[in-house]
Amino acid sequence: MTDATPLPVTAGVDGSTTALHAARWAAAEAEFRGAPLRLVYVTKTPHGSTEDYAEDVRHAHSALHQAQAEVEAAGSAVTVDTAVISGPPADALIAESTAAQMMCVGSVGIGRYARSILGSTAADLAEKAHCPVAVIRPDAGGGDQAVNWIVVAVTDQPDNDDVVEQAMREAALRHLPVLALGDSSAPESLRRQLLLWRERFPDVHIYPIDNRAEVTHFLRKHDEPVLLAVIGGRHADQVAQIVGHGHSAFRHTATSALVVR
């Protein structure tokens, strides 16, 4: 008897540079988890001309081939599966999330349907998916900064342990330190919780900050280079503020978001 194949880490691609970043991010996640990588392209619902639909399918296969080549060129040792599925994009990707460990998309959404500040597809997926969702900025590679941070709030909320654990796992995978945001009214509680996390993740450098235990508040007030903000599903509506392409109130321009559920 053999173990069942783990659920894949799934990335939505559309041929854009942003989607390629999301595919590489997803590949690193899949390798770290010992999971396969699934790359999907969402075509338009076939209600137009036959020629338009055929061209969309050709573009789909080209985009998937490019994304798979990028993953392989990066040296990721993952099994890659590709698929062309039909839209609407948000609905199709939310359906994909029922059979995925994590969904990864670029911050401007998937395909020609989504080109607002935060792509509507990415926003819908972040709020409605059945698994964690990573919304990746196109320039989320670390840049030339000496230190890039992962930011997470440490609270007494029932789902917070899952959120913090995912932040620690991301830090271990990407060899980055963590800014742990706590409530200044309960510094002893934050200290006790961080002792436990440091025992579980001894190789992760964790730095506590009294900052109302709110990720968006921290990003609004500080200019440390943050590669990834990790939040719980109840805060999924804040993703647009976190990754909003220079249109947000934040000083950051390269912060990706991971919604844990």
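Counting begins at 1 with the first residue of the sequence.
- Put simply, CD1 on Ile231 and CD on Glu214 are 12.0 Å apart, with the number rounded to the nearest 0.5 Å.
- Considering every non-hydrogen atom in both Ala30 and Pro36, the closest pair reads CB-O, 3.8 Å.
- Checked against the 6.0 Å centroid criterion, the rings of His59 and Tyr41 qualify as a close aromatic pair.
- Using a 4.5 Å cut-off on side-chain heavy atoms (C-beta onward), Leu93 and Thr121 make contact.
- In terms of heavy atoms, Ile85 sits closest to Ala92 at CD1-CB, 3.9 Å.
- In terms of heavy atoms, Val204 sits closest to Ala171 at CG1-CB, 3.7 Å.
- Clustering ILVMFWY residues whenever any of their side-chain heavy atoms sit less than 4.5 angstrom apart, transitively, puts Leu7 in a cluster other than the one holding Val260.
- Scored by the side chain to side chain donor-acceptor pair (under 3.5 Å) test, Glu127 finds no partners at all (sequence neighbours excluded).
- Side chains of Leu258 and Met102 form a contact here, defined as non-hydrogen atoms less than 4.5 Å apart.
- Arg200 places no side-chain N or O within 3.5 Å of a backbone atom of Glu165 that could act as its donor or acceptor partner.
- In terms of modelled atom types and a separation under 3.5 Å, the side chain of Asn160 and the main chain of Thr155 share a donor-acceptor contact.
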Give the C-alpha distance, both sets of side-chain angles, the deciding distance and a yes or no for side-chain contact (heavy atoms from CB on, under 4.5 Å) between Val13 and Val105. CA-CA 7 Å; Val13 302; Val105 293; over 6 Å; no
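- Taking the side chain as every heavy atom from C-beta outward, Leu228 and Val151 never approach each other to under 4.5 Å.
- A donor-acceptor pair under 3.5 Å is formed between the side chain of Arg261 and the backbone N or O of Cys131.
- Put simply, the side chain of Ser76 never gets that close to the backbone of Ala28: no donor and acceptor are under 3.5 Å apart.
- We find the OG1-CG distance between Thr5 and Asp81 to be 11.5 Å, quoted to the nearest 0.5 Å.
- Trp25 and Leu20 fall into different hydrophobic clusters, where Ile, Leu, Val, Met, Phe, Trp and Tyr are joined by side-chain heavy atoms under 4.5 Å apart, directly or via other members.
- With a 4.5 Å cut-off on side-chain heavy atoms, Leu125 and Ile94 count as touching.
- Side-chain contact between Pro177 and Ile150 is absent, with no heavy-atom pair separated by less than 4.5 Å.
- Closest approach of Ala19 and Gly12 over heavy atoms only: CB-O, 4.0 Å.
- Between the side chain of Arg137 and the backbone N or O of Val243, at least one donor-acceptor pair lies under 3.5 Å.
- Annotation: the span from Trp197 atom CH2 to Leu190 atom CG amounts to 12.5 Å, rounded to 0.5 Å.
- A distance-only check finds no donor-acceptor pair linking the side chain of Thr43 to the backbone of Val57 [under 3.5 Å].
- Counting only distance, with no hydrogens or angles, the side chain of Asn148 and the backbone of Leu176 share no donor-acceptor pair below 3.5 Å.
- Paired with Glu29 under the rule side chain to side chain donor-acceptor pair (under 3.5 Å), one option of Arg169, Arg174, Gln101 passes, and it is Arg174.
- Considering only heavy atoms from C-beta on, Phe218 comes within 4.5 Å of Leu179 through its side chain.
- Counting only residues at least two apart or in different chains, side chain to side chain donor-acceptor pair (under 3.5 Å) contacts with residues 64-75 comprise Arg24-Glu70, Gln68-Glu72.
- In this structure, the side chains of Val71 and Leu37 come closer than 4.5 Å at one or more pairs of heavy atoms.
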Val40 vs Thr10, side-chain contact (heavy atoms from CB on, under 4.5 Å): CA-CA, chis, key distance, verdict: CA-CA 7 Å; Val40 300; Thr10 299; 4.1 Å; yes
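- Annotation: the span from Glu31 atom CD to Thr79 atom OG1 amounts to 10.5 Å, rounded to 0.5 Å.
- Contact detail for Gly232 and Val163: the closest heavy-atom pair is CA-CG2, 3.6 Å.
- Placement of Tyr207 and Ile209 within a single hydrophobic cluster is found when ILVMFWY residues are connected by side-chain heavy-atom separations under 4.5 Å, directly or transitively.
- In this structure, the separation between SG on Cys104 and CZ on Arg38 is 14.0 Å, given to the nearest 0.5 Å.
- In this structure, His235 NE2 and Asp159 CG are separated by 7.5 Å, a value rounded to the nearest 0.5 Å.
- Residues Thr255 and Trp149 have side chains not in contact (no heavy-atom distance under 4.5 Å, counting atoms from C-beta outward).
- With hydrophobic clusters built from ILVMFWY side chains whose heavy atoms lie under 4.5 angstrom apart, Val78 does not share a cluster with Phe32.
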Go through the steps for Thr18 and Ile136 under the test side-chain contact (heavy atoms from CB on, under 4.5 Å), then give the verdict. CA-CA 8 Å; Thr18 309; Ile136 306 303; over 6 Å; no
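- Scanning both residues, Ala153 and Val164, for their nearest heavy atoms gives O-CG2, 3.7 Å.
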